[in-house]
Amino acid sequence: MPTLFEAKPKLSQKSKRVPPISTQTGRVTPLSCYVVRPEALRFETQEPDEDVILFMRQHLVTTVPWLLVSIVLLLAPSVIIPFLFAFLRLPVAIPASYIVIGTLFWYLAAAGYIIVNFLHWYFNIYIVTNHRIVDIDFVQLLFKRFSEARLSRIQDVSYQTSGVFAAIFNFGDVHIQTAGELPNFEFGSVPRPDTVVTTISELIKQEEIA
């Protein structure tokens, strides 16, 4: 899809006046994908003087494709497959026990597909604090990847929105370039990417002034 919008604010210039970051707090719910200054939220490596400014997940609309597939998988044994078999003439009859066992395996596989996709969305978290940015990636059921970079090491931050749905629902990818050997970060399909870039830029300016 073509890129509809891309912005790259410069971070190298110091500013004497820094726009204030919202002090209004928000509440994190199981389906939250964008919360400013979340209440009572802490992560495992959080420092004593560190405040969470932004808590993010991928936009809820990004879950629609696998949700539709899940609905088809759940309906297939009871609706779709019998409908197809009504127009097919099999040479031999399938024993009822085989149908029961096959249906159980089908629903087990469907449940696994749903759980894996939900956990991937739920546990892939992006956090912006007053000291650093944190990227927590859920890779497998028992494995996660934790990456972080100090605000002082960030050289450039930009975002892009690609496609009609991204423009309508206001979500996109935030790209963060860091100094030295640190990896570059990407917050994928997060809501309000322009606000995320502005917030990180303001925090960096505050870090430079301090």
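Model, not experiment: these values are computed from the prediction.
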Minimum heavy-atom distance between [X] and [Y], given as atom pair plus value:
X	Y	value
K144	I136	CD-CG2, 4.4 Å
G188	Y126	N-OH, 3.3 Å
L60	W121	CD2-CZ2, 3.6 Å

Side chains of [X] and [Y], heavy atoms from C-beta outward: is any pair under 4.5 Å?
X	Y	answer
Q46	V134	no
F43	T129	yes
V197	V174	yes
I176	F187	yes
Y159	V196	no

Anything under 30° is parallel, anything over 60° is perpendicular, the rest tilted; go ahead and classify F138 against H120.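 Geometry flag for H120 against F138: perpendicular rings.
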Strictly distance-based, threshold 3.5 Å: is any side-chain N or O of N117 a donor or acceptor partner for the main-chain N or O of W66?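 Judged by distance alone, no pair lies under 3.5 Å.
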Could you check whether T29 and S32, counting side-chain N and O atoms only, form a donor-acceptor pair closer than 3.5 Å?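 A donor-acceptor contact under 3.5 Å links the two side chains.
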Tell me, with the steps shown, if Y113 and V69 meet side-chain contact (heavy atoms from CB on, under 4.5 Å). CA-CA 9 Å; Y113 175 82; V69 174; 3.7 Å; yes
Say you draw a straight line from CG of N124 to CG of L119; how long is it, rounded to the nearest 0.5 Å?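 Here the interatomic distance stands at 10.0 Å.
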Let me confirm one number: the CD1-OH distance from I115 to Y122, rounded to the nearest 0.5 Å.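 Reported value, rounded in 0.5 Å steps: 14.5 Å.
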Looking at R150 and E47, is there a salt bridge between them, counting it only when a charged N and a carboxylate O are closer than 4.0 Å?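 Yes, this pair counts.
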Salt bridge check: are R132 and E148 linked by an N-O gap of less than 4.0 Å?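 The answer is yes: the pair qualifies as a salt bridge.
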After noting the C-alpha distance and the side-chain angles of I154 and L151, does the key distance pass the side-chain contact (heavy atoms from CB on, under 4.5 Å) rule? CA-CA 5 Å; I154 296 177; L151 294 175; 4.0 Å; yes
Do R57's NZ or CZ and the ring of Y34 fall within the cation-pi criteria of under 6.0 Å and 45°?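 Negative - R57 is either too far from the ring of Y34 or too far off its axis.
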Between T178 and N184, does the side-chain contact (heavy atoms from CB on, under 4.5 Å) criterion hold? Intermediate values first, please. CA-CA 6 Å; T178 58; N184 294 331; 3.8 Å; yes
Between L54 and V35, does the side-chain contact (heavy atoms from CB on, under 4.5 Å) criterion hold? Intermediate values first, please. CA-CA 6 Å; L54 289 178; V35 182; over 6 Å; no
Residue H131 excluded, over 12 heavy atoms near NE2 under 6.0 Å: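 Count over threshold, so yes.
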